[in-house]
Amino acid sequence: MVIGNSNYDFAPLKNPVNDARDVAKNLQKLRYKTTLATDLNPEQFRQTVAEFYRSIVEDNAVSVFYYAGHGIQLQNTNYLIPVDVPIQSPKELIDSAYSINNLITELEQSLSDQNIIILDACRNNPFRKTATVTAQLREIQAGLALVEPPPSTLIAYATEPGNVAEDGRGRNGTYTRALLRHFTRSETAEELFKKVRKDVLRATNNRQTPWEHSSLLETFYFAPPKNKKIPNVVNF
């Protein structure tokens with residue numbers, strides 16, 4: 001499942017839709033079945049994610065969830081922000097945004113055997129300069145909180161907990177640009193994300209450190225070596 005949200009009324013972003021399209025294109029080249037969704041409103045976000053995880057029926061399936069767009073933490077819970085919704089208070093945020101806790105619940109209830117979650121969502125607080133929102137939203141801490149992954153899951157963040165990620169100056173965000181550079185190489189997930197981290201540190205003069213939290217139980221390759229059997233990969 002590849003999602004990119006850019007067209008926000010309150011704080012539009014230039015790169016997430018490009019990021020999502022390029023990630024989906026690269027994964028399709030690797031012969032993965034891919035579902036791409038962009039600029040989702042709250043109902044579309046919930047429905048799309050739920051349908052994705054319900055679609056997993058293969059044995060030994062690997063599921064991957066990628067998101068680029070606004071994401072914030074409130075009361076130590078991470079939320080991915082949909083478009084086309086007026087959020088002016090913490091209650092409206094909780095009611096309208098998509099909680100990472102809901103994502104984890106969908107994942108745990110699915111038949112997926114291994115799970116990869118990639119969050120390029122640690123940008124600045126989008127409500128910081130919005131005059132119509134409450135002070136509580138303007139004072140939300142930057143970045144995302146660390147999430148404990150369930151078994152057989154790797155969660156990759158564009159930067160370390162509590163920090164913010166750069167949107168990038170070109171077509172892609174800084175983190176996703178590095179990710180795209182390594183997707184097609186025959187490296188384990190751990191090796192790949194280490195190289196992504198090095199690239200991002202170099203590109204940001206050490207301002208941004210990508211972060212992973214893993215409980216994977218098996219070796220995972222986005223692009224398996226020729227002598228490795230490709231696992232059953234579901235729509236993402």
Side-chain angles (χ1 to χ4, degrees), residues 1-3 5 20 23 27 32-35 37 40 42 45-82 93-94 97-122 141 143-163 165 175-176 179 183 187-194 196-197 209-222 224 229-236:
M1 183 79 249
V2 179
I3 298 175
N5 281 353
V23 166
L27 292 172
Y32 291 91
K33 294 182 291 181
T34 306
T35 298
L40 300 180
F45 209 125
R46 287 189 289 270
Q47 182 176 347
T48 298
V49 176
E51 289 177 353
F52 161 62
Y53 282 107
R54 283 198 300 266
S55 74
I56 300 173
V57 295
E58 294 87 347
D59 292 332
N60 194 33
V62 174
S63 67
V64 176
F65 177 91
Y66 169 92
Y67 172 80
H70 279 306
I72 62 175
Q73 62 167 300
L74 177 66
Q75 298 172 355
N76 210 39
T77 298
N78 295 324
Y79 295 91
L80 307 181
I81 310 300
L93 172 66
I94 293 170
Y98 190 80
S99 169
I100 294 296
N101 293 342
N102 291 342
L103 174 66
I104 296 298
T105 298
E106 295 281 3
L107 180 156
E108 290 179 320
Q109 293 176 350
S110 76
L111 298 179
S112 179
D113 188 59
Q114 290 194 85
N115 316 287
I116 308 294
I117 298 172
I118 303 173
L119 301 175
D120 193 354
C122 314
Q141 182 181 352
L144 298 180
L146 189 65
V147 177
E148 291 288 339
S152 297
T153 301
L154 182 148
I155 305 179
Y157 303 86
T159 192
E160 69 267 33
N163 197 10
Y175 178 74
T176 294
L179 191 66
F183 253 153
E187 301 168 329
T188 66
E190 290 83 0
E191 292 170 337
L192 183 150
F193 285 114
K194 284 179 183 177
V196 169
R197 181 159 39 252
T209 306
W211 202 266
E212 300 85 49
H213 201 174
S214 176
S215 62
L216 288 180
L217 302 176
E218 304 291 341
T219 300
F220 174 74
Y221 296 85
F222 285 99
K229 182 180 178 181
I230 298 176
N232 292 324
V233 181
V234 301
N235 297 318
F236 65 85

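On a predicted model such as this, the values are computed, not experimentally measured, just so you know.
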Next on the checklist: I need the minimum non-hydrogen distance between Q73 and N78, along with the two atoms involved.
Outcome noted: CB-OD1, 3.4 Å
Checklist outcome for this item: Output for pair (N60 CG, L111 CG), nearest 0.5 Å, gives 12.0 Å
Next on the checklist: Before you tell me yes or no, could you show the steps for M1 and T48 under side chain to side chain contact (heavy atoms under 4.5 Å, CB included), namely the whole-Å CA-CA distance, both residues' side-chain angles and the distance that decides it to 0.1 Å?
Outcome noted: CA-CA 9 Å; M1 183 79 249; T48 298; 3.4 Å; yes
Checklist entry - Below 4.5 Å, heavy atoms only, C-beta onward: do N163 and T209 meet side chain to side chain? => result no
Checklist entry - Atom OH in Y157, atom CG in L119: separation rounded to 0.5 Å? => result 6.5 Å
Next on the checklist: Do L216 and E190 make a side-chain contact, defined as non-hydrogen atoms from C-beta onward lying under 4.5 Å apart?
Outcome noted: yes
Next on the checklist: Among residues at least two apart in sequence or on other chains, which ones pass salt bridge (charged side-chain N to carboxylate O under 4.0 Å, His left out) with E212?
Outcome noted: R197
Next on the checklist: Which residues pass the ring-ring contact (aromatic ring centres under 6.0 Å, His included) test with Y98, not counting sequence neighbours?
Outcome noted: F45
Item to check | Donor-acceptor under 3.5 Å (H213 side chain, P149 main chain) | outcome: no
Checklist entry - Which heavy-atom pair separates Y221 from Y32 by the least distance, and what is that distance? => result O-OH, 3.4 Å
Checklist outcome for this item: What one should report as the nearest heavy-atom pair of I81 and A97 is CD1-CB, 3.9 Å
Checklist entry - Would you find a donor on one side and an acceptor on the other, under 3.5 Å apart, between the side chain of D120 and the backbone of A158? => result no
Checklist entry - Passes side chain to side chain contact (heavy atoms under 4.5 Å, CB included), I100 versus L144? Steps please. => result CA-CA 10 Å; I100 294 296; L144 298 180; over 6 Å; no
Next on the checklist: Main chain of P150, side chain of S215: is a donor-acceptor contact present, judged purely on distance under 3.5 Å?
Outcome noted: yes
Checklist outcome for this item: dist L103:CG -> Y67:OH (nearest 0.5 Å) comes out at 12.0 Å
Item to check | Considering all heavy atoms, the nearest A156-F193 contact | outcome: CB-CE2, 3.6 Å
Checklist entry - Going by heavy atoms in the side chains, are S63 and F52 under 4.5 Å from each other? => result yes
Next on the checklist: I need the R46 CZ to E106 CD distance, nearest 0.5 Å.
Outcome noted: 11.0 Å
Next on the checklist: Less than 4.5 Å apart, side chain to side chain, heavy atoms only: is that true for Y66 and I116?
Outcome noted: no
Next on the checklist: With rounding to the nearest 0.5 angstrom, report the OG1 to CD distance, T153 to E148.
Outcome noted: 11.5 Å
Checklist entry - What are the two closest heavy atoms between T159 and A165, and how far apart are they? => result CG2-N, 3.9 Å
Checklist outcome for this item: Heavy-atom nearest pair, D113 first then S152, reads O-CB, 3.3 Å
Checklist entry - Pick from L107, I155, N115, I3: which one makes a side chain to side chain contact (heavy atoms under 4.5 Å, CB included) with F65? => result I3
Next on the checklist: I need the N5 CG to L80 CG distance, nearest 0.5 Å.
Outcome noted: 8.5 Å
Item to check | Heavy-atom side-chain proximity of F220 to L154 below 4.5 angstrom | outcome: no
Checklist entry - Out of L179, V196, V23, which one pairs with I118 under the side chain to side chain contact (heavy atoms under 4.5 Å, CB included) rule? => result L179
